[in-house]
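See below for the structure under consideration.
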Amino acid sequence: MTEADFASWANELYRWPSPIVPVPAMKYAGELRGKRVIVGLPGHGWRTDLRADSLVRQESRSLVPVMPEADWYRAEQDRIEVFAPLIPAERVWVETVGDDGPDAKKQGPVSLDEPPVRRAIRAEEVPYLTGRRLVAMPERSDDFTAERGLRAVTESYAGKAQAQVRVAAEGDWYRWAATGLVPPTRAVFLSLLWVE
């Protein structure tokens, strides 16, 4: 491997967004309030795009109030109470940002015992983007900080230099759904976007 090949490989390795790794709520060390969660029952299936509130203890049971993200954002923005069913904590997994690695592209059959690790896919490879969760990678190769919490507001379109997608912050995306107020958006090069 030449030095140029190694530099190209290393750049690609570090330009890949870290995967989303589900952690059982009972093993999660931090506060649950506001965290993205996955609920389900091993062997049956999983539901995503949910947010948790703080853990509740009822006698010997640990329960997690869980609501759709749209309700979470509405409650936070409008300071209102929303209904959140209590889910047994053993059926809740917290979405955490995992480690990068050379096997980030690795796909294959998953276990039904727990939600799968969710690896990002290049937005260029996804046919429909509007409404999808996105990760924006920085333009500079020396900056490894991915920007999460974005939603695509458009499909890709021809920009000045290359294809672009208009994106909005997730909170603004959900406010748009609840109020009809068009969110502030910005254009991001398609080549810098990944679907989460």
Side-chain angles (χ1 to χ4, degrees), residues 6-52 64 66-70 72-73 87 89-153 156 163 165 167-171 173-174 188-196:
F6 178 78
S8 174
W9 172 81
N11 186 44
E12 184 64 24
L13 173 66
Y14 290 111
R15 305 275 303 154
W16 197 284
S18 299
I20 299 299
V21 179
V23 173
M26 294 303 289
K27 293 182 181 177
Y28 184 70
E31 168 64 35
L32 289 177
R33 180 172 168 66
K35 296 296 180 195
R36 274 198 167 107
V37 294
I38 301 167
V39 300
L41 186 61
H44 290 279
W46 313 107
R47 182 152 181 236
T48 61
D49 293 330
L50 303 169
R51 295 280 178 155
V64 180
V66 174
M67 65 201 82
E69 281 190 320
W72 167 260
Y73 280 107
I87 309 293
E90 60 272 9
R91 293 187 184 182
V92 178
W93 284 259
V94 180
E95 290 187 16
T96 64
V97 177
D99 294 327
D100 294 331
D103 65 341
K105 289 186 178 181
K106 184 179 163 188
Q107 298 292 332
V110 297
S111 167
L112 293 180
D113 295 334
E114 61 188 11
V117 170
R118 199 165 166 173
R119 290 176 176 80
I121 301 167
R122 286 186 181 280
E124 298 163 320
E125 299 172 10
V126 178
Y128 304 106
L129 293 175
T130 303
R132 300 251 191 161
R133 280 172 52 178
L134 298 177
V135 178
M137 296 302 288
E139 284 188 66
R140 295 189 346 255
S141 60
D142 62 336
D143 183 0
F144 304 123
T145 308
E147 182 183 2
R148 295 181 184 267
L150 300 173
R151 292 280 178 158
V153 179
S156 66
V165 175
V167 301
E170 197 168 61
W173 167 260
Y174 281 111
V188 178
F189 291 131
L190 179 63
S191 61
L192 300 176
L193 292 172
W194 298 72
V195 175
E196 219 171 23

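These values consider heavy atoms only, across backbone and side chains, with no hydrogens, waters or symmetry-generated copies.
Scanning both residues, Pro138 and Thr145, for their nearest heavy atoms gives CD-O, 3.3 Å. Across Val97 and Ser18, no two heavy atoms sit closer than the pair CG1-CB, 3.4 Å. Contact record, Pro115 with Pro22: O-CG, 3.5 Å, taken as the closest heavy-atom pair. In terms of heavy atoms, Tyr128 sits closest to Arg132 at O-NE, 3.0 Å. Between Ala152 and Leu134 the shortest heavy-atom distance is CB-CD1, 3.6 Å. Closest approach of Gly98 and Val21 over heavy atoms only: CA-CG2, 3.6 Å.
Contact annotation: the side chain of Val165 never approaches that of Val188 to less than 4.5 Å [non-hydrogen atoms, C-beta and beyond]. The side-chain heavy atoms of Val117 and Ile20, taken from C-beta on, include no pair separated by under 4.5 Å. Thr96 is listed as a side-chain neighbour of Tyr28, based on a closest heavy-atom distance under 4.5 Å. Within the 4.5 Å cutoff, the side chain of Val167 has heavy atoms near those of the Leu193 side chain.
Put simply, the side chain of Arg151 gets close to the backbone of Gly131: a donor and an acceptor are under 3.5 Å apart. In this structure, Arg51 contributes its side chain and Gly34 its backbone to a donor-acceptor pair below 3.5 Å.
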(request) Applying side-chain contact (heavy atoms from CB on, under 4.5 Å), run through Thr48 and Arg118 and close with a yes or a no. (result) CA-CA 11 Å; Thr48 61; Arg118 199 165 166 173; 3.9 Å; yes
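The structure places CH2 of Trp72 at 4.0 Å from CZ of Arg33, a figure rounded to the nearest 0.5 Å. Note that CD of Glu170 and CG of Asp49 are 7.5 Å apart. Values are rounded to the nearest 0.5 Å. To the nearest 0.5 angstrom, Arg148 atom CZ is 9.0 Å from Arg36 atom CZ. Glu124 CD to Leu192 CG: the interatomic distance, rounded to the nearest 0.5 Å, is 9.0 Å. Atom CD of Glu125 is separated from atom CH2 of Trp194 by 7.5 Å, given to the nearest 0.5 angstrom.
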Distance-only donor-acceptor pairs under 3.5 Å for side chains of residues 37-47, two or more places apart:
none

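The side-chain contact (heavy atoms from CB on, under 4.5 Å) search around Thr130 returns Glu155, not counting sequence neighbours.
Under 4.0 Å is where a charged nitrogen must lie from a carboxylate oxygen, and between Glu95 and Arg133 at least one such pair does.
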